[in-house]
Protein chains: 2
Amino acid sequence: MGITIKQIAADLNLAVSTVSKALGDSYEISAETKARVFEYATKMDYKPNPYASSLKRGRSGNIAVVLPEVSDSFFSSAIDGIEKVAQEKGYHVMVYLTHEDVSREASIIREFRHGRVDGVLMSVSAGEKKPDHLQDLSASDIPVVFFDRVYEEIQMTNVVTNDFESGYLAAKHLLSKKCKRLAFLSLEGNLEIISHRQKGFEKALSESGIEGREHSIIVLGNDEQENLKKLASKFKSKTRPDGVVGSVEKVAMQVYSTCHALKLSIPKDVKVIAFSHLAIASLLNPSLTTITQPAFDMGKMAATLLFKSLDKKGMKPETIVLKSELIERDSTRM
Amino acid sequence: MGITIKQIAADLNLAVSTVSKALGDSYEISAETKARVFEYATKMDYKPNPYASSLKRGRSGNIAVVLPEVSDSFFSSAIDGIEKVAQEKGYHVMVYLTHEDVSREASIIREFRHGRVDGVLMSVSAGEKKPDHLQDLSASDIPVVFFDRVYEEIQMTNVVTNDFESGYLAAKHLLSKKCKRLAFLSLEGNLEIISHRQKGFEKALSESGIEGREHSIIVLGNDEQENLKKLASKFKSKTRPDGVVGSVEKVAMQVYSTCHALKLSIPKDVKVIAFSHLAIASLLNPSLTTITQPAFDMGKMAATLLFKSLDKKGMKPETIVLKSELIERDSTRM
DNA sequence: ATGTCCCACGAAAACGGTTTCGTAAATAAG
DNA sequence: CTTATTTACGAAACCGTTTTCGTGGGACAT
């Protein structure tokens, strides 16, 4: 291990407390002594033992990021943004994956109450509504910022996008492309973010008001094979949708797979628009029309808010809304 | 915060040491007392303060994962594997991104010497060869496992894939598709993994021995715009390659972009094969022939090896080689 | 000369565990 | 009944910092 403060004190004939204060640039210590300590400390590459500091100060210098998964490009970009801010602030990032498993999420979160991290960034996992652990977490004195997948029941700091509006625009977009049978590909688990998108979708449809238009909600889950089966049966039926809104990246990919397998042409037979952050959406076959969230900036923003409330406790919860962008590509061209 | 051991001791009229030993299931404590302590502890949801334990025991329960980036699907899958093993073992995962910046990598690593993590999993960043910090790290008493992007100069535990062979097979594959002018898209920064792939590529070419075939090495960097410019100029020239091997996922995507922009047809004008882990390779336009590394398993393996050497110090360095798989898709079909 | 103030530093008590060592009581051995 | 051994627990040191509280000595005012 590295050198300790005790060792420095001994080597310089000082008291431990003096060295500690010198390193902390305390006014109690003369410039002369400080210089002597600093020089020796840097020479010996002294770094305070993180456990000892944490134990004494009650702060760890760590933040937790709790996510459903990391393979989704939205989440990986968000991590990118979070890590950047954290590194600037000298914080360390601990990553926890829930894989949409609420009980795992709960047990992860429970650990946080006993120290280890000073704050939590979180995107909640889908699953039966069991908010007890979230409630507990928010009730604890450790600050939490939710991003993207928030949980509105509890009053917390949130970073979200304009999901309702985006869902609305997505449906509008499909309607403007003459789609007659729209489907919204939902995700099981009562995520608010999904239901907002869905409500926007439904509003656009009810506004359009024209009879002869149908729409359906297809609820998909976490099991890819199951989803593909379900999609295949939907797309084989006579009343198959001719325009779909993918509520998350994953399901859009599954629609692509299904259409490829069934030899359905996108966009001729089915037009597809999806909430997705894929950098390579433009390289897909066909290129995918997306509603792209500012994932990196959301991560940065969430982290920034977290650090703000770490700096001064007792901040009021606020909700930041960032804008998504609809980027039209071939998958919805007429 | 949670309840402390001291509080438990007071509440049960026991000494602190007794409680600690009871919780540790020490033989010194009677079954009766243990039961009493256990019951009370679980009732109060006691968890040991991680800083205090770490300080005393000299172990943190954290491991570090140091990566160039997280947006690459190889790395995100690897994290997935790592996190899974860590969670099973009760360890916590700290993620650090270098963004291919060697000096940042160095400063990140330097922190590790002073505690905070018990072990390090690492994929080194490209960049001028400055192995001092890696040398230091491996010389320290904290175990390190390199995966994928290893640094062979120092004798360490490595988890890699059969890169030479894969590079060889990639070139063979293109040759079998009648490509005449092959290009290897390299990455600046002297990564061994890249040079292995390149050497395999070159071996296949030299074996083929037929005159009239050319090959070139195109070295790309970390700046996407620069790369696109470089690629465009290469692909505009009369002797543009008709078959390329992308050494990493990112450059393959850049080739796609370039070809789309220049209206070059893949695979008619240019055949593309790339080292990539993209789950959606099959959905690209056209679907991409890949050499797919077992990213998830590599992460799992690396983590497993790390924990093994955490359990018993002084393990011999070993190198595990996992096999990549060549999956042919449309981007190289004749 | 005496009292007051500040300066620069040291001693010691935390933080919350773990671990070593000592010891009273209970049991076994003689 | 005495002595040795085990059993079950407590006291205290310790991990490396931070922080509170003293304190000796010099400067200053009275």
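Everything numeric here is computed off the predicted structure, so don't read it as measured data.
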Kindly give the atom pairs (protein nitrogen or oxygen, nucleotide nitrogen or oxygen) under 3.5 Å for nucleotides 20-23 of chain C.
unit_1, atom_1, unit_2, atom_2, d
C:dT20, O4, B:Lys21, NZ, 3.3

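When the side-chain nitrogen and oxygen atoms of B:Ser54 are compared with OP1 and OP2 of C:dG17, none of them lie within a distance under 4.0 Å. In terms of phosphate contacts, A:Thr33 brings a side-chain nitrogen or oxygen within less than 4.0 Å of OP1 or OP2 of C:dC9.
Against DNA chain D, the stretch residues 35-49 of chain B makes no heavy-atom approach under 4.0 Å. Using a 4.0 Å cut-off on heavy atoms, the residues of residues 7-16 of chain A that approach DNA chain C are A:Asn13, A:Leu14, A:Ala15, listed by number.
For A:Lys21, the side-chain hydrogen bond (donor to acceptor under 3.5 Å, both in side chains) test picks out A:Glu28, with sequence neighbours left out. For A:Asn62, the side-chain hydrogen bond (donor to acceptor under 3.5 Å, both in side chains) test picks out no residue, with sequence neighbours left out. Applying the side-chain hydrogen bond (donor to acceptor under 3.5 Å, both in side chains) criterion to A:Asp101, with sequence neighbours excluded, gives A:Ser103. When the side-chain hydrogen bond (donor to acceptor under 3.5 Å, both in side chains) test is applied to A:Gln7, the partners found at least two apart in sequence or on another chain are A:Asp11. B:Tyr91 meets the ring pair (Phe, Tyr, Trp, His ring centres under 6.0 Å) test with B:Phe307; sequence neighbours excluded.
Side-chain atoms of A:His99 and A:Asn222 form no donor-acceptor pair, as typed in the model, at a separation below 3.5 Å.
Applying the ring-ring contact (aromatic ring centres under 6.0 Å, His included) test to pairs two or more places apart or on separate chains, none has a residue in residues 16-70 of chain B.
A:Glu318 CD: more than 12 foreign heavy atoms inside a 6.0 Å radius.
Each end of the helix from C:dA1-D:dT30 to C:dG30-D:dC1 gets its own rotation axis from five pairs of C1' atoms, and the angle between them is 60° to the nearest 10 degrees.
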Output a table of donor-acceptor pairs, distance under 3.5 Å, between side-chain atoms of residues 114-125 of chain A and any protein atom two or more places apart or on a different chain; print 'none' if there are none.
unit_1, atom_1, unit_2, atom_2, d
A:Arg116, NH1, B:His92, NE2, 3.0
A:Arg116, NH2, B:Ser60, O, 2.6
A:Asp118, OD1, A:Ser60, N, 2.8
A:Asp118, OD1, A:Ser60, OG, 2.9
A:Asp118, OD2, A:Ser60, N, 3.1
A:Asp118, OD2, A:Gly61, N, 2.8
A:Ser123, OG, A:Phe147, O, 2.6
A:Ser123, OG, A:Arg149, N, 3.3
A:Ser125, OG, A:Glu105, OE1, 3.0

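When DNA chain D is scanned 5' to 3' for any atom under 4.0 Å from a heavy atom of chain A, the first and last hits are D:dC15 to D:dC21.
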